[in-house]
Amino acid sequence: MTPSRESGGEHVVQPPLPPGQHHKRSRREGLELYSARVPFRLKLVAVWVAILGVLVALFVAADFDTGWMRENAGFIARGITWTMIIAVLAIALACVLALLGALGRLSRNALAVGLTSFYTSFFRGTPLIVQLFLIYLALPQIGIALGDPWADILTLDVLTAGVIALGLNYGAYMTEIFRAGIQSVGHGQSEAAEALGMTYFQKMRRVVLPQALRVIIPPSGNEFIAMMKDTALVSFLGTSIDQMEIFRRAQLLGRADFRNLEALLVAALMYWGLTTIFQYFQLRLERRLSKGYVRGTARVAVAGQREPAPTTRKT
Amino acid sequence: MNHVSDESRALRVEGLWKSFGGHEVLKDVNLEVDPGQVVVIFGRSGSGKSTLLRCINFLEEPSEGTIEVAGIRIVGGGHRTRAKRERIRQVRIRTGMVFQDFNLFPHRTALQNITEGPVTVLGKSARDATATARELLALVGLPEKADQYPIQLSGGQQQRIAIARALAMNPKVMLFDEPTSALDPELIGEVLAVMRRLATELHMTMLVVTHEMGFAREVASRMVFVHEGQIIEEGPPSEVLSEPQRPETRRFLEAVL
């Protein structure tokens, strides 16, 4: 035991007790010592069980009708298809917009920079619900003002309006994700591609974007999960009966039978299930993408892969 | 592949100036390289020798001057119009570049790194490109590394793959930008051996920025000393290395050798 350790450490070292004399434990200390012996995972499970127990107790107290839930879960579950359709189409649109937005932001063309900066500024600066209503309700007004054929073109059905609004909104946020991903690819990679005689698009498609994807995919997965939940906002536009997504079905059914707790709980569980399933696939995809960055079995830090900044290179 | 006239010269640099934000890095550099020649460019850190190399394939835009590679002339400076960008691309297709820090594509195997240019840029079939790539892997002594990713290779191996990648484009001129400077000392030899092979067996036209004076003495047809952005001395290695005319060259060689 060196003096420097004693003086420098935060933990005061207790002098050893004389033999035969036991340190008297407080109740609290006893609990702490007991808890330390229980494995972490077991404690984790216990916490979850406790939370679920409390919730179940509350549901029972609220005259919870599991029979109703079982009967009507099928009706609500049919909304999963529409929730997924909206989310998948909207994220596809968002990815295209984010890619264009990122390339625009990184270009030196004033038109491209102007368009993309306006786009991201507006769609990140206004609420999604406002954008939804703007596209569903306000666009037809502009269409009517413009006359034929715009009145028809700009009058969108609920689902199209929902997909476009979600896509535009998420695309604006994901522009930053894509931009950061593209910028994370070292300058040396660009130079190597250019030195081979690649055009801008060849360089992007073959060299930069495949590498940028590793950086882009994890946060984009989070965006998709958020998107699946935000599809619920589309129900505010009043979806028609056959196209209702999860939340709208739960809402209608819950109100009709005055079983709001049950209906909304079924909906919540479905969203939760969907997001959990997707998180699993996202993890697998991330693992696949790390191919080429793994030496043997040890994972190599991304930072170690980057070329030194161009300013540090020798002349 | 070369359908342009003037075969007598592989490379010509005329009146090349380059400045970075007011600081003049290259001042009126003139250089001619004949086919099959190996020209070693040497000089102190910051003398502008790398910039000279990077101006030749327009990774840096010259402020002024003309670059001519395999008969294609490009005037430096000014806006890069679509037509100029295309000519730059043609020059790049005809020049192979080897970088100090390899810059292999980490998401592609060694073989895929080599086939990338021929397939994407030259439009060759994957089969032809793969066959050529395997020959090149043998040439650089790494036939068994075809399916390895760059991260699984040593620095020396990566640089040899990078040389094969450049060669796959069947270039008229190879540009080497300090190809051994990022390598551990024990790996330098294998890269220089490959470069020596290119010079002696393939009679490749090469422009090499390097501090490896042993390599220069053995392989170079000509040595060019760059000092403060100007070529102040050039000649065959036997003369430049043993009897340097300029005091700057002498001082540099004393420090390096």
Side-chain angles (χ1 to χ4, degrees), chain A residues 107-110 181-182 184-217 286-315, chain B residues 20 25 43-54 57-59 85-86 88-109 112-113 116-122 148-153 162 165-166 168-169 171 175 177-178 181-182 209 211 226:
Chain A
S107 89
R108 264 169 282 170
N109 181 311
I182 289 169
S184 77
V185 180
H187 189 58
Q189 289 292 308
S190 259
E191 289 196 339
E194 284 167 13
L196 284 174
M198 287 194 192
T199 62
Y200 173 81
F201 286 105
Q202 287 171 337
K203 175 182 84 177
M204 280 296 163
R205 190 168 57 84
R206 303 289 303 177
V207 177
V208 176
L209 289 177
Q211 296 182 63
L213 275 186
R214 289 178 58 254
V215 178
I216 289 170
I217 281 183
E286 274 175 45
R287 290 223 183 99
R288 260 195 60 188
L289 282 167
S290 66
K291 186 180 64 176
Y293 296 83
V294 181
R295 193 204 291 262
T297 51
R299 295 195 76 152
V300 178
V302 180
Q305 269 295 298
R306 307 232 174 99
E307 289 72 22
T311 47
T312 62
R313 71 193 312 288
K314 290 162 79 180
T315 51
Chain B
F20 289 108
V25 181
R44 284 217 309 263
S45 224
S47 59
K49 54 195 195 306
S50 269
T51 306
L52 166 58
L53 208 66
R54 292 163 58 79
N57 65 355
F58 284 79
L59 286 182
R85 283 205 300 273
E86 180 52 28
I88 289 174
R89 209 173 71 83
Q90 292 302 327
V91 162
R92 286 172 175 169
I93 287 172
R94 288 163 176 76
T95 51
M97 179 87 168
V98 176
F99 297 89
Q100 184 178 332
D101 26 43
F102 335 133
N103 292 338
L104 286 180
F105 305 132
H107 59 304
R108 300 248 191 269
T109 63
Q112 289 167 344
N113 263 280
E116 184 62 53
V119 171
T120 304
V121 179
L122 302 179
Q148 306 269 299
Y149 284 92
I151 190 88
Q152 297 168 305
L153 303 171
R165 175 176 69 176
M169 298 294 286
L175 307 174
D177 186 6
E178 299 200 33
S181 296
V209 172
H211 295 291
V226 179

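So that the names make sense, note that chain A is the first sequence line, chain B the second, and so on, each numbered from 1. Source: prediction; values computed, not measured.
Each of B/Arg89, B/Met97, B/Arg92 was checked for a side chain to side chain contact (heavy atoms under 4.5 Å, CB included) with A/Glu194, and the lone residue meeting it is B/Arg92.
Atom CG of B/Asp101 sits about 9.0 Å away from atom CD of A/Glu191, to the nearest 0.5 Å.
Of all heavy-atom pairs spanning A/Ala195 and B/Phe99, the tightest one is CB-CZ, 4.0 Å. The minimum heavy-atom distance linking B/Phe105 with A/Ala192 is given by the pair CE2-CB, 3.9 Å. Between B/Leu104 and A/Gln189 the shortest heavy-atom distance is O-NE2, 2.8 Å. Taking every heavy atom of both residues into account, A/Arg206 and B/Thr120 meet most closely at NE-OG1, 3.4 Å. Taking every heavy atom of both residues into account, A/Gln211 and B/Pro106 meet most closely at OE1-CG, 3.1 Å.
The choice from B/Val226, B/Val121, B/Leu175, B/Thr95 that makes the most heavy-atom pairs within less than 4.5 Å of chain A is B/Val121. Each of B/Arg85, B/Glu86, B/Arg108 has some count of heavy-atom pairs under 4.5 Å with chain A, and the biggest count is that of B/Arg108.
For B/Gln148, there are no side-chain hydrogen bond (donor to acceptor under 3.5 Å, both in side chains) partners two or more places apart in sequence or in a different chain.
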